[in-house]
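Data first, discussion second: the structure below is written as structure tokens.
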2 protein chains.
Amino acid sequence: MAPHFNGPAGTFLQRLNVLADLPADLSTALHDLVANSRCLGANHDIVLQGDQPSQCCVILEGWVSRNKVGAAGKRQITSLHFSGATPDIQSLLHPVMDHNITTLTKTKVGFIPHSHMRSLMERFPVLKEAFWKDTSLELAIAREWEVNLGARSAVERTAHLFCEIATRLEWFGRATRSGSALSFEMPLTQIQLGEATGLSSVHINRSMRTLRASGMIEQTRHWFTISDLPKLAAFADFNPDYLIPERPQD
Amino acid sequence: MAPHFNGPAGTFLQRLNVLADLPADLSTALHDLVANSRCLGANHDIVLQGDQPSQCCVILEGWVSRNKVGAAGKRQITSLHFSGATPDIQSLLHPVMDHNITTLTKTKVGFIPHSHMRSLMERFPVLKEAFWKDTSLELAIAREWEVNLGARSAVERTAHLFCEIATRLEWFGRATRSGSALSFEMPLTQIQLGEATGLSSVHINRSMRTLRASGMIEQTRHWFTISDLPKLAAFADFNPDYLIPERPQD
DNA sequence: TGCATAATACAACAATTGATAAGAGCGCTC
DNA sequence: GAGCGCTCTTATCAATTGTTGTATTATGCA
């Protein structure tokens, strides 16, 4: 176990260590860099399209989305990020943001100046590879979202999103299994779920009612139980292979 | 001008040089690696989901798609690639393919063994950065496609795809401007356009009829003219900023 | 605790898109 | 150059999803 996996930046280091084998002194350096943090409410923009950030954010707690807002005001969420993520790392490569990064829940965010990140990458080239791998994983997830948005019905889309969320949460110890059932907290509102699946919130509501009626999910407020994950996965055509690069070793 | 930009691997080197500043000896080495090539017909799979490639492909001529086929047999194209692209470079990072790479037209493909690519990256770390940037650009395009699939009407989606294709082609000298009009060859069938936009081919046909009737595009077979690009872009909510990392210097 | 705000549930109707079918045009192969 | 297959076009009808509106229930804050 590398050092500092339990500090506020613990999940951040845990994720990076899955993507590449970081030497201990790099972990320590990264850990020290995110000492400062801010707490934000839900639906708060961290970075806006058009911004030119001079630092990278690290999600320490809470859920965050990338999203773009169209001319007609319709918002599309293009990805979800939990604690440990560095969603604007690409600002090191492309100075101008092409999308917004917005909190979905109350969130704790740390920041690392670009200059520090760059010099760390000079000293530890493996860090560059870890972030390239992170970008590549994100691209695989984005591809699956394209399939979800373009090739699945409303109920399938909703079910697929729940499967992905449950799987990613479980891998980081944030879902509990009992038999083939999986329980977890899913704090998104139906409006946010609609923005992620390209559906109206009313239709998300209909789809969730269908999934509940079929017995595939149980739910009280934001606590979900997928009663039979293999069954829901089969229904949603969910194959977790595209997520595997993120999976921590057991 | 770096050497060898005019050989069969010319567009490949041109694209990479946009993404990072490659030294001349690296360009030469890359150029020599893609000496061998194969010609394939349309709708031919280059790599399949589940494969574990031991080499990377370089598109030398023709159009190629990434795509996934769902349980019900419905295919979703998740990205389009022209000559110069290296669509399975991520197999260096993640051994198992999570999607198919399939030709859309007659295509000429070169191959570079992973081992050679890896040793080149050791010698020239800047190459790693160029490919990271390439992955990051692809992610930006995938995000915009998610918006297209999830948040735009059928006609807007179709128009947006044409705007993106026209812009990318023009940047590599494959579209000709006259005034605010832009002409180019677009060899995709309506079925393929449907797979890229998540629409049925019949509805693609309807959407194109609408665009022709409105005067925003003219078309005979596979030759397209966007009569007034700013107007079509405004209609489709197309903002080319997300593509800019790929734009060659004038 | 109570009030204001936000989220959920659900119904009725409208709009968009998909499915099916059938004819016409084009290009490729033998 | 004749035939075959694929693509394009168009129409009709069906299915899915969006919109609007209104209760109802939670939640956060004073």
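In what follows, every heavy atom counts, from backbone to side chain, and hydrogens, waters and symmetry copies are set aside. Sequence lines set the chain letters: A, B, ... in the order given, protein chains first and strands last, and positions in each chain run from 1.
Between atom OG1 of residue B:T135 and atom CD of residue A:Q90 there is a gap of 12.5 Å, rounded to the nearest 0.5 Å. Rounded to the nearest 0.5 Å, atoms CZ (A:R206) and OG (A:S200) are 6.0 Å apart.
Between the P atom of C:dA6 and the NZ atom of A:K106 lies a distance of 15 Å, rounded to the nearest Å. Rounded to a whole Å, the CG atom of B:L104 is 12 Å from the P atom of D:dT7. As rounded to whole Å, 11 Å separates atom P of D:dC6 from atom CG of B:N43. Rounding to whole angstrom units, CG of residue A:L193 and P of C:dT8 are separated by 8 Å. We find that CG of A:L199 is positioned 20 Å from P of C:dA15, with the value rounded to whole Å. Regarding B:I191, its CD1 atom lies at a distance of 13 Å from the P atom of C:dA19, rounded to whole Å.
Within the 4.5 Å cutoff, the side chain of A:R157 has no heavy atoms near those of the A:H160 side chain. Using a 4.5 Å heavy-atom cutoff, the side chains of B:W145 and B:L161 are in contact. A:F12 places a side-chain heavy atom less than 4.5 Å from the side chain of A:T86. The shortest side-chain heavy-atom distance between B:V64 and B:L104 does not fall under the 4.5 Å cut-off. Residues A:L193 and A:I77 are not in side-chain contact: their nearest non-hydrogen atoms beyond the backbone lie 4.5 Å or more apart.
Among the protein residues, A:S200 comes within range of the nucleic acid bases, having at least one heavy atom under 4.0 Å from a base atom. Using a 4.0 Å heavy-atom criterion, one finds that A:G41 contacts no nucleic acid atom at all. Note on A:G194: nothing from the nucleic acid sits closer than 4.0 angstrom, heavy atoms only.
Classification of B:R66 and B:D88 as a salt-bridged pair fails, no side-chain N sitting under 4.0 Å from a carboxylate O. B:E246 and B:R168 are joined by a salt bridge, as a carboxylate oxygen and a charged side-chain nitrogen come within less than 4.0 angstrom of each other. We find that B:R152 and B:E144 are joined by a salt bridge, their nearest charged nitrogen and carboxylate oxygen being less than 4.0 Å apart.
The closest side-chain donor-acceptor pair between A:S79 and A:H81 falls under 3.5 angstrom.
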Would you list the protein and nucleotides 23-26 of chain C atom pairs, both N or O, that sit under 3.5 Å from each other?
none

Grab the N/O contacts between the protein and nucleotides 2-5 of chain C below 3.5 Å, and write none if there aren't any.
none

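At a non-hydrogen distance threshold of 4.0 Å, B:S153, B:A154 from residues 150-164 of chain B come into contact with DNA chain C. Interface residues of residues 64-77 of chain B facing DNA chain C, ordered by number: none; criterion, heavy-atom separation under 4.0 Å. A heavy atom lying under 4.0 Å from DNA chain C marks the following residues of residues 202-220 of chain B, by number: B:V202, B:H203, B:R206.
Using bins of under 30°, 30° to 60° and over 60° for the plane-to-plane angle, the ring pair A:F162/A:F224 lands in the tilted bin.
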task: Walk me through it: do B:Y242 and B:E164 pass the test side chain to side chain contact (heavy atoms under 4.5 Å, CB included)?
output: CA-CA 10 Å; B:Y242 69 101; B:E164 182 185 301; 2.7 Å; yes

message: side chain to side chain contact (heavy atoms under 4.5 Å, CB included), that's the test. Do A:T105 and A:T107 meet it? Break it down for me.
response: CA-CA 6 Å; A:T105 65; A:T107 302; 3.8 Å; yes

Name the atoms and distances for all side-chain donor-acceptor pairs under 3.5 Å in residues 34-53 of chain B, with sequence neighbours left out.
from, atom 1, to, atom 2, distance (Å)
B:N43, OD1, B:Q192, NE2, 3.3
B:D45, OD1, B:T102, OG1, 2.8
B:D51, OD2, B:L48, N, 2.9

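Not less than 6.0 angstrom separates the ring centroid of B:F172 from the ring centroid of B:F82.
Not one side-chain nitrogen or oxygen of B:Q190 sits closer than 4.0 Å to the OP1 or OP2 atom of D:dC6.
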